[in-house]
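Have a look at the structure below before the remarks.
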Number of protein chains: 2
Amino acid sequence: MRSSTTAWEALFRAQVTVMREIQKLPEFKALSTREYDVLFNLSRCESGTSRLSDLNQYLLISQPSLSRMADRLESKGLLARRQDPTDQRAVLFSLTDEGAALQKSMGREHIKGIHALIGTALSSEEFATLQELSTKLRQHIEAS
Amino acid sequence: MRSSTTAWEALFRAQVTVMREIQKLPEFKALSTREYDVLFNLSRCESGTSRLSDLNQYLLISQPSLSRMADRLESKGLLARRQDPTDQRAVLFSLTDEGAALQKSMGREHIKGIHALIGTALSSEEFATLQELSTKLRQHIEAS
DNA sequence: CACATTTGTATGCGTTTGCATGTAATAGCA
DNA sequence: TGCTATTACATGCAAACGCATACAAATGTG
């Protein structure tokens, strides 16, 4: 009972602390971290496209918020919407060339920023362990 | 370069996944997770009070947002504002009895929910390691 | 095959948020 | 001491958010 909740609290506090610093980084003047996260997740789809509802699974924002955020990203020319040919209800999102390029450049800066921020906080082995345990935790929930 | 950023991504994704589930828990119908977080942080102050700016250090929301959230929590009778006698600019927040009681009851439900959600995801040793590494990561940033 | 249910997305609307800025108190300095 | 800079919080305002709901397409059911 105790170990899982204290571990969660520690993980959550670490996330808040890192996130506070990340939001200050200059690359997030153009796009908020939430918006970047949409581009990032889309860039990770091997098909290059994703339904709104599938994308929403990996984000903290609500479905209506994502729908409207997509409007904005679309009007900025970063994202393209098209109908799913196999399901007329569904919408498929994909990055435009411009969106993909912006994601890449923000991603590069983001990596630099993260490294500068936490690069020396833990050893390589510790980072690997943290990654492994975080992934295991996430997968446990996704599997249930 | 790589190990720190992939570990951060994994930690962040885990946080999103856990948080999505937490937000669905029934106890967060009364108060949002952000609002609960304010009560939680206040409950952890050994003095029982905290300046707005100090409290804000541990939260992701902006200072103006916290100021207005405090207005709402105050009007709900959960929080009390008073002036810092040693600094006329500053405001000291503290939980009212009602606020402390609500935090405790939400905290209890929260712990149950977390345990039900992730209790069996990792072993006790793994949770302890996750907690230790997360804390070390956070402290590295806070120290800089 | 009609009809109810479910699923996927969009929209109305009130609330919450952040940015820029205002105001007042303190600190720093010449 | 007087003046500037800084710090702490609040407020105006537009943007973004979530909830409830509407709508349309797909699925299930008799």
Side-chain angles (χ1 to χ4, degrees), chain A residues 16 19-39 41-42 45 49-76 78-94, chain B residues 16 19-39 41-42 45 49-76 78-94:
Chain A
V16 168
M19 208 58 185
R20 278 187 65 88
E21 298 302 316
I22 288 181
Q23 287 179 344
K24 296 176 190 168
L25 298 176
E27 63 266 25
F28 290 111
K29 290 295 174 187
L31 241 48
S32 74
T33 53
R34 288 177 158 189
E35 290 170 326
Y36 171 73
D37 208 24
V38 170
L39 302 193
N41 273 284
L42 266 178
C45 297
T49 67
S50 175
R51 287 184 171 204
L52 188 148
S53 53
D54 292 338
L55 200 51
N56 197 213
Q57 292 264 129
Y58 301 105
L59 304 170
L60 278 177
I61 64 175
S62 66
Q63 177 271 313
S65 291
L66 179 56
S67 180
R68 280 194 251 248
M69 186 187 284
D71 290 344
R72 279 175 266 136
L73 293 174
E74 197 178 7
S75 72
K76 286 184 181 180
L78 302 173
L79 205 103
R81 260 185 172 103
R82 64 189 168 83
Q83 223 167 26
D84 184 341
T86 72
D87 186 338
Q88 298 297 109
R89 295 168 303 181
V91 175
L92 293 175
F93 289 127
S94 57
Chain B
V16 167
M19 208 60 186
R20 278 187 65 88
E21 298 304 315
I22 288 180
Q23 288 179 344
K24 297 176 189 167
L25 297 176
E27 64 267 24
F28 290 110
K29 290 293 174 189
L31 240 49
S32 72
T33 52
R34 287 177 159 189
E35 289 169 326
Y36 171 73
D37 208 23
V38 170
L39 301 193
N41 273 284
L42 265 177
C45 298
T49 66
S50 175
R51 289 185 169 204
L52 188 148
S53 53
D54 291 338
L55 200 51
N56 198 23
Q57 292 267 128
Y58 301 105
L59 305 170
L60 277 177
I61 63 175
S62 66
Q63 176 270 313
S65 292
L66 179 57
S67 181
R68 278 192 255 247
M69 185 185 285
D71 290 344
R72 296 190 298 267
L73 293 173
E74 195 177 9
S75 71
K76 286 184 178 177
L78 303 172
L79 206 104
R81 261 186 172 101
R82 64 188 168 83
Q83 224 168 28
D84 185 341
T86 72
D87 186 340
Q88 298 296 109
R89 296 168 302 179
V91 175
L92 293 176
F93 290 126
S94 56

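Below, each value reflects all heavy atoms present in this structure, side chains not excepted, and no hydrogens, waters or symmetry copies. Chain letters run A, B, ... following the sequence lines, proteins first and then strands; every chain starts at 1.
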By nearest atom, which of the nucleotides [options] is closest to the [X] side chain?
| X | options | result |
| --- | --- | --- |
| B/R89 | C/dT26, C/dT17, D/dC9 | C/dT26 |
| A/I61 | D/dC17, C/dT17, C/dT9 | D/dC17 |
| A/S67 | D/dC9, C/dT11, D/dA10 | C/dT11 |

Look at all strands and tell whether [X] reaches a base, only sugar-phosphate, or nothing, counting heavy atoms closer than 4.0 Å.
| X | result |
| --- | --- |
| A/D87 | sugar-phosphate |
| B/S62 | base |
| B/D71 | nothing |

Check your understanding: Quick one: is A/S32 getting a side-chain N or O under 4.0 Å of the D/dA16 phosphate, OP1 or OP2?
Key -> no

Review point. For C/dT16, does OP1 or OP2 lie under 4.0 Å from any side-chain N or O of B/R72?
Key: yes

Review point. Under the 3.5 angstrom rule, does the side chain of A/N56 hit a backbone N or O of A/I61 as a donor-acceptor pair?
Key: yes

How many Å lie between [atom1] on [X] and [atom2] on [N], as a whole number?
| X | N | atom1 | atom2 | value |
| --- | --- | --- | --- | --- |
| A/L59 | D/dA16 | CG | P | 16 Å |
| A/R34 | D/dA15 | CZ | P | 18 Å |
| B/D84 | D/dA10 | CG | C1' | 17 Å |
| A/L66 | C/dG8 | CG | C1' | 12 Å |
| A/K76 | D/dA15 | NZ | C1' | 11 Å |
| B/R51 | D/dA10 | CZ | P | 12 Å |
| A/L31 | D/dA16 | CG | C1' | 14 Å |
| B/M69 | D/dG18 | CE | P | 13 Å |

Check your understanding: Is the closest side-chain heavy-atom distance between B/K76 and B/L31 below 4.5 Å?
Key -> yes

Check your understanding: Taking side chain as C-beta onward, heavy atoms only, is B/R51 less than 4.5 Å from B/L92?
Key -> yes

Exercise for review: Nearest 0.5 Å please: distance from the CD atom of A/Q63 over to the CZ atom of A/R68.
Suggested key: 9.5 Å

Point to revise | Distance (rounded to the nearest 0.5 Å) between A/N41 CG and A/F93 CZ | key: 12.5 Å

Exercise for review: Record whether the side chain of A/Q88 comes under 3.5 Å of the base of D/dA26 through a donor-acceptor pair of N or O atoms.
Suggested key: no

Exercise for review: Decide yes or no, distance alone: a donor-acceptor N/O pair under 3.5 angstrom between the base of C/dT16 and the side-chain of B/R68.
Suggested key: no

Review point. Toward the 5' end of DNA chain C, which comes first, A/S65 or B/P64, by nearest nucleotide?
Key: A/S65

Exercise for review: Please figure out whether A/T86 or B/F93 has its closest DNA chain D nucleotide nearer the 5' end.
Suggested key: B/F93

